[in-house]
Amino acid sequence: MIFFFSWKLLGFICDMVETSQTVQQHMIQNRGFLVISYMLQRSSRDHLTLEVLGSFLRLTKHLVTCLTPNNELLLKQVN
C-alpha cells in the first residue's frame, strides 16, 4: 500500500492548527500528529521534503511563542 501525503495538505493542517482552538482540540483528542507521523513513516522518503519540514518548524515555533491552553499538549505530540 502506498501512502502519499501532500506538503500542501500538511501546510493547510498546520495553518488550521495555528488559527483555530477547535482544530487544536480535535488534533489533541484524535492524536492528529501521531496519525500524520504514521502516514509519513509509511510514505516514500521522497515525500519528506523541505516544505514538509518547514511546515512542522513553523507550527512548532507558533506553538512555542503563542500561548494558548492547548499548546503544551500539541507540542507533546509534535515533538
Side-chain angles (χ1 to χ4, degrees):
M1 184 179 286
I2 298 174
F3 294 99
F4 174 71
F5 210 91
S6 166
W7 68 269
K8 289 183 181 186
L9 176 60
L10 183 61
F12 175 72
I13 292 169
C14 290
D15 289 342
M16 293 297 295
V17 170
E18 287 179 21
T19 59
S20 171
Q21 287 192 7
T22 302
V23 172
Q24 292 172 5
Q25 291 170 351
H26 286 293
M27 291 293 282
I28 293 165
Q29 291 170 353
N30 299 302
R31 298 187 173 136
F33 287 115
L34 296 176
V35 172
I36 291 170
S37 69
Y38 173 78
M39 296 298 288
L40 287 171
Q41 287 175 348
R42 302 284 299 168
S43 68
S44 166
R45 289 184 180 236
D46 295 337
H47 299 292
L48 191 56
T49 63
L50 290 176
E51 289 86 0
V52 169
L53 178 60
S55 293
F56 276 123
L57 288 174
R58 190 184 79 238
L59 178 60
T60 302
K61 286 179 184 178
H62 172 78
L63 294 174
V64 168
T65 58
C66 297
L67 302 177
T68 67
N70 300 317
N71 284 3
E72 186 176 329
L73 294 171
L74 287 166
L75 282 170
K76 285 181 182 179
Q77 282 190 37
V78 172
N79 296 320

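These numbers come from the heavy atoms of this one structure, side chains and all, not from hydrogens, waters or symmetry mates.
Nearest heavy atoms, Cys14 versus Ser55: SG-O, 3.8 Å.
Using a 4.5 Å cut-off on side-chain heavy atoms (C-beta onward), His26 and Gln29 make contact.
Hydrophobic clustering, with ILVMFWY side chains joined whenever heavy atoms are under 4.5 angstrom apart, groups Met16 together with Phe33. Note on Val23: it clusters hydrophobically with Leu9, by side-chain heavy-atom contacts below 4.5 Å among ILVMFWY residues. Grouping the Ile, Leu, Val, Met, Phe, Trp and Tyr side chains by contacts below 4.5 angstrom, directly or via other members, places Val17 with Phe12.
Put simply, OG1 on Thr19 and CD on Gln24 are 8.5 Å apart, with the number rounded to the nearest 0.5 Å.
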Output, in order, the C-alpha distance, side-chain angles, deciding distance and verdict of side-chain contact (heavy atoms from CB on, under 4.5 Å) for Met27 and Val35. CA-CA 10 Å; Met27 291 293 282; Val35 172; over 6 Å; no

